Amino acid sequence: MHQQKRQPELVEGNLPVFVFPTELIFYADDQSTHKQVLTLYNPYEFALKFKVLCTTPNKYVVVDAAGAVKPQCCVDIVIRHRDVRSCHYGVTDKFRLQVSEQSQRKALGRKEVVATLLPSAKEQQKEEEEKRIKEHLTESLFFEQSFQPGKSLLCPCRQCPDFLLYRDQGLGSSQ
């Protein structure tokens with residue numbers, strides 16, 4: 001008997017959604033970041049339809065907020081920040097991408113993407129650089145303290161070669 005190949009039943013909300021990036025960072029002082037692109041991938045053998053929802057739709061313009069993705073293809077979704085004011089600095093907004101099968105209404109999967117407006121790209125880079133320098137200095141200080149002669153409590157392993165050396169010398173001289 002020839003059995004017909006059936007597609008497994010897709011459970012509502014459990015289908016993995018592949019979108020990149022998973023975080024959007026907009027910088028108030030860099031207008032080139034006010035428009036960003038999300039790429040939605042469809043690795044499946046069936047077409048998907050999608051819808052983009054947002055927690056604060058008055059702050060963003062989503063070009064093609066709904067549409068379809070062919071099987072094993074991708075689609076770019078343009079998101080533009082349109083309310084760049086200091087009162088929005090540091091506020092995290094969320095976008096939700098919901099996908100469903102082309103012929104169905106129920107959402108098969110969803111993915112959230114966070115979006116944040118920061119005052120300055122240069123300021124953010126400066127903070128990250130300061131953090132890296134601080135971490136490096138902390139690691140260097142620990143390293144120096146750990147391997148100073150006479151600091152045996154911080155690194156007991158340092159004593160092992162000395163102990164073995166003295167032990168072997170002691171054994172050699174007593175025989």
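Since the model is a prediction, treat every value here as computed from it, not as a measurement.
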Side chain to side chain contact (heavy atoms under 4.5 Å, CB included) partners of Gln102, counting only residues at least two apart: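 By the side chain to side chain contact (heavy atoms under 4.5 Å, CB included) rule, Gln102 matches Ala47, Lys49, Ala68.
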Which atom of [X] lies closest to which atom of [Y], heavy atoms considered:
{"X": "His34", "Y": "Val84", "answer": "CE1-CG2, 3.7 Å"}
{"X": "Lys59", "Y": "Val91", "answer": "NZ-CG1, 4.0 Å"}
{"X": "Val17", "Y": "Gly109", "answer": "CG2-C, 3.5 Å"}

Please say whether more than 12 non-hydrogen atoms of neighbouring residues, nucleotides or ligands are located less than 6.0 Å from CD in Gln31. no
Please check if atom CG in Asp64 has more than 12 non-hydrogen atoms from other residues, nucleotides or ligands closer than 6.0 Å.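 At most 12 heavy atoms, drawn from other residues, nucleotides or ligands, come within 6.0 Å of this atom.
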Should Phe50 and Gln98 count as side-chain neighbours, where that means a heavy-atom distance under 4.5 Å?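 Counting from C-beta outward, Phe50 and Gln98 never come under 4.5 Å.
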Look at the aromatic rings of Phe26 and His81 and report parallel, tilted or perpendicular, splitting at 30° and 60°. perpendicular
Return each pair, listed once, that meets ring-ring contact (aromatic ring centres under 6.0 Å, His included) where at least one residue sits in residues 83-105; pairs must be two or more places apart or across chains. Tyr60-Phe95
Working to the nearest 0.5 angstrom, can you tell me the gap between Phe46 CZ and Ser103 OG? 10.0 Å
Testing Leu38, Val37, Val63 for side chain to side chain contact (heavy atoms under 4.5 Å, CB included) with Ile79, which one passes? Leu38
Can you list every salt bridge (Lys or Arg N to Asp or Glu O under 4.0 Å) pair that touches residues 27-43, not counting sequence neighbours?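 As it turns out, there is no salt bridge (Lys or Arg N to Asp or Glu O under 4.0 Å) pair with a partner in residues 27-43 once direct neighbours are skipped.
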